4 protein chains.
Amino acid sequence: MIQLDLASTVPIYDQIKAGLRGLVAKGLLKPGDDAPSIRALASRLKVNPNTVARAYRELTMEGIFEARRGEGNVISPAAVKAARGGLEDLRQGVAEAARMARRGGVPWPDILSSLDKVRKEEP
Amino acid sequence: MIQLDLASTVPIYDQIKAGLRGLVAKGLLKPGDDAPSIRALASRLKVNPNTVARAYRELTMEGIFEARRGEGNVISPAAVKAARGGLEDLRQGVAEAARMARRGGVPWPDILSSLDKVRKEEP
Amino acid sequence: MIQLDLASTVPIYDQIKAGLRGLVAKGLLKPGDDAPSIRALASRLKVNPNTVARAYRELTMEGIFEARRGEGNVISPAAVKAARGGLEDLRQGVAEAARMARRGGVPWPDILSSLDKVRKEEP
Amino acid sequence: MIQLDLASTVPIYDQIKAGLRGLVAKGLLKPGDDAPSIRALASRLKVNPNTVARAYRELTMEGIFEARRGEGNVISPAAVKAARGGLEDLRQGVAEAARMARRGGVPWPDILSSLDKVRKEEP
DNA sequence: GTGGTCTAGACCACC
DNA sequence: GTGGTCTAGACCACG
């Protein structure tokens, strides 16, 4: 359900955070739902549990998860709203990459066409 | 002439490489021209000479510069063509950031509007 | 396992690269194996970690190593093939030295005898 | 008469020294002959006169040239014998390159075949 | 003056 | 623990 790109320079825990925020934003995870357990998710993604734990910890600090004793992590009631904040980071990531590309001499139309290719990738 | 963003997570030497590639791509540096000396550029950018040296070394390996002993760096005849490769990397950087953002649940129109803000930043 | 000649004019990081490529070429390091950590190798060779890091970075760019964040360097699946390219450079180094010597008036048999002395150096 | 390889990593002044020593060793320059003037040789080789001057200075120190006031440089009577010393450096250059190549995993027969290709290059 | 190498040591991010 | 980046400063070789 979450797609990782291990070869990418984007930190794995960031990709996990983004993936989970995305599931919330898209309504596939609703407030009150159980989040997958750290160990389960780690083994499914073939990733170090510490890495998943870090993503969960930060999502908890953002108010998207709630840690309930003995029950694991639950999607917080305020998650949908809280997820918005994370989206801003992602938008800025795109903006920074675009800025770098333009400074590096990529013509603006080429940037747009790259983007368009991404848009069509998987519907 | 080259703009650095020291707060960015993008390594300084990468920003320098992108800037120089951009100058070549835009025709402000033509094959045969002297590149600024490492020390001169370093002091202009207020950066350690080693950092500039690393950027130059990698540009040399990419075939954009030619280092001549004791004479400094010269833009290689093949620079314009070689610079194209670098542009592709930058485009892919934008594409990857966009992919991450979409996975994270950022609505596509928001991505486009972020981009548009960048477009208007500096004429 | 890697022999350095600190008095040589050949840069240390180049000697390290050659040594590691040699270990791959001889099969002592196989794809999937862990490369020694930068710090460990640096202290074993009594050399600055930065110097080893540079060698590793370049080997990564050549496709011989794969650097995984926080996990160290791993011999790439394509390492054996990629190592071939490096061997070619070394052969050309010998060829160039021989060319220089002949131009300088060294009789060809003397070149061969020098070489033969090297062959017998260490079994 | 002297062949330079400007792209080589071998210092130009070294190539010039080797070339002149070679001319002496081959008998094309005999004791008592005038050496070409620094400026003439520099312009013929399209090289900085300082570079040629350095080569001449070192050849003088080796006893191959004699600087005579107002007459320029003359091949010394002891030149033929003195040239031998320089040959030793060149032989060691080949030896060192071969050593590096072997450490880097080049099979010995490949080293020999590279050398053989050089031998056939220009008769 | 130029570029190249190396050291020392700091700080960061990641797992 | 790992690798990556950056700074500071020294020294060398070249033209």
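The shown structure was predicted, so the numbers you read here are calculated from the model rather than taken from an experiment. Every chain is numbered from 1 and lettered A, B, ... according to where its sequence line falls, protein lines coming before strand lines. The figures that follow rest on heavy atoms only: side chains count, while hydrogens, waters and symmetry mates do not.
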>> So, does C:Asn73 get its side chain near the phosphate of F:dG3, meaning an N or O under 4.0 Å from OP1 or OP2?
In response: yes

>> Using OP1 and OP2 only, check whether a side-chain N or O of C:Ser37 sits under 4.0 Å from F:dG1.
In response: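 No, because none of the side-chain N or O atoms of C:Ser37 sits under 4.0 Å from OP1 or OP2 of F:dG1.
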
What is the distance, rounded to the nearest whole Å, between atom [atom1] of [X] and atom [atom2] of [N]?
| X | N | atom1 | atom2 | value |
| --- | --- | --- | --- | --- |
| B:Leu59 | E:dG4 | CG | P | 12 Å |
| D:Glu58 | F:dA13 | CD | P | 11 Å |
| B:Leu6 | F:dT7 | CG | P | 8 Å |
| C:Arg57 | E:dT5 | CZ | P | 11 Å |
| B:Ile12 | F:dT7 | CD1 | C1' | 10 Å |
| C:Asn48 | F:dG4 | CG | C1' | 14 Å |
| C:Arg39 | E:dA10 | CZ | P | 13 Å |
| B:Lys46 | F:dC6 | NZ | P | 18 Å |

> Taking for each residue the nucleotide of DNA chain E bearing the nearest heavy atom, is the 5' side occupied by C:Glu71 or by C:Thr51?
Replying inline: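 Going by which nucleotide is closer to the 5' end, it is C:Thr51.
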
> Relative to the 5' end of DNA chain E, which residue comes earlier, A:Tyr13 or B:Arg68, by the nucleotide with the nearest heavy atom?
Replying inline: B:Arg68

> Between C:Gln15 and C:Asp5, is there a donor-acceptor pair closer than 3.5 Å when you use the side chain of the first and the backbone of the second?
Replying inline: yes

> Passes side chain to side chain contact (heavy atoms under 4.5 Å, CB included), D:Ile12 versus D:Asn48? Steps please.
Replying inline: CA-CA 10 Å; D:Ile12 295 176; D:Asn48 191 313; over 6 Å; no

>> For C:Gly72 and B:Pro11, find the nucleotide of DNA chain F closest to each by heavy atoms; which residue's nucleotide sits nearer the 5' end?
In response: C:Gly72

> Which residue lies toward the 5' end of DNA chain F, C:Ile38 or B:Val10, if each is placed at its nearest nucleotide?
Replying inline: C:Ile38

> Heavy atoms under 4.0 Å, any strand shown: does B:Tyr56 hit a base, just sugar-phosphate, or nothing?
Replying inline: nothing

>> To the closest 0.5 Å, what do you measure between CG (A:Asn50) and CD1 (A:Ile38)?
In response: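 Rounded to the nearest 0.5 Å, the CG-CD1 separation comes to 9.0 Å.
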
>> I need the C:Leu23 CG to C:Ile2 CD1 distance, nearest 0.5 Å.
In response: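 That separation rounds to 5.5 Å.
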
> Going through the checks in order, is the side chain to side chain contact (heavy atoms under 4.5 Å, CB included) test met by D:Glu88 and D:Arg84?
Replying inline: CA-CA 7 Å; D:Glu88 189 47 36; D:Arg84 302 242 188 288; over 6 Å; no

> Of the candidate nucleotides E:dG9, F:dT7, F:dG4, which contains the atom at the shortest distance from the side chain of B:Asn50?
Replying inline: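 The listed nucleotide nearest to B:Asn50's side chain is F:dT7.
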
>> I want to verify a distance call: between E:dT7, F:dG9, E:dC14, whose nearest atom is closest to the A:Arg54 side chain?
In response: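 My answer, after comparing the listed nucleotides, is E:dC14.
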
>> Could you tell me the Watson-Crick or G-U partner of E:dC14, where both distances fall under 3.5 Å? Say none if there is no partner.
In response: F:dG1

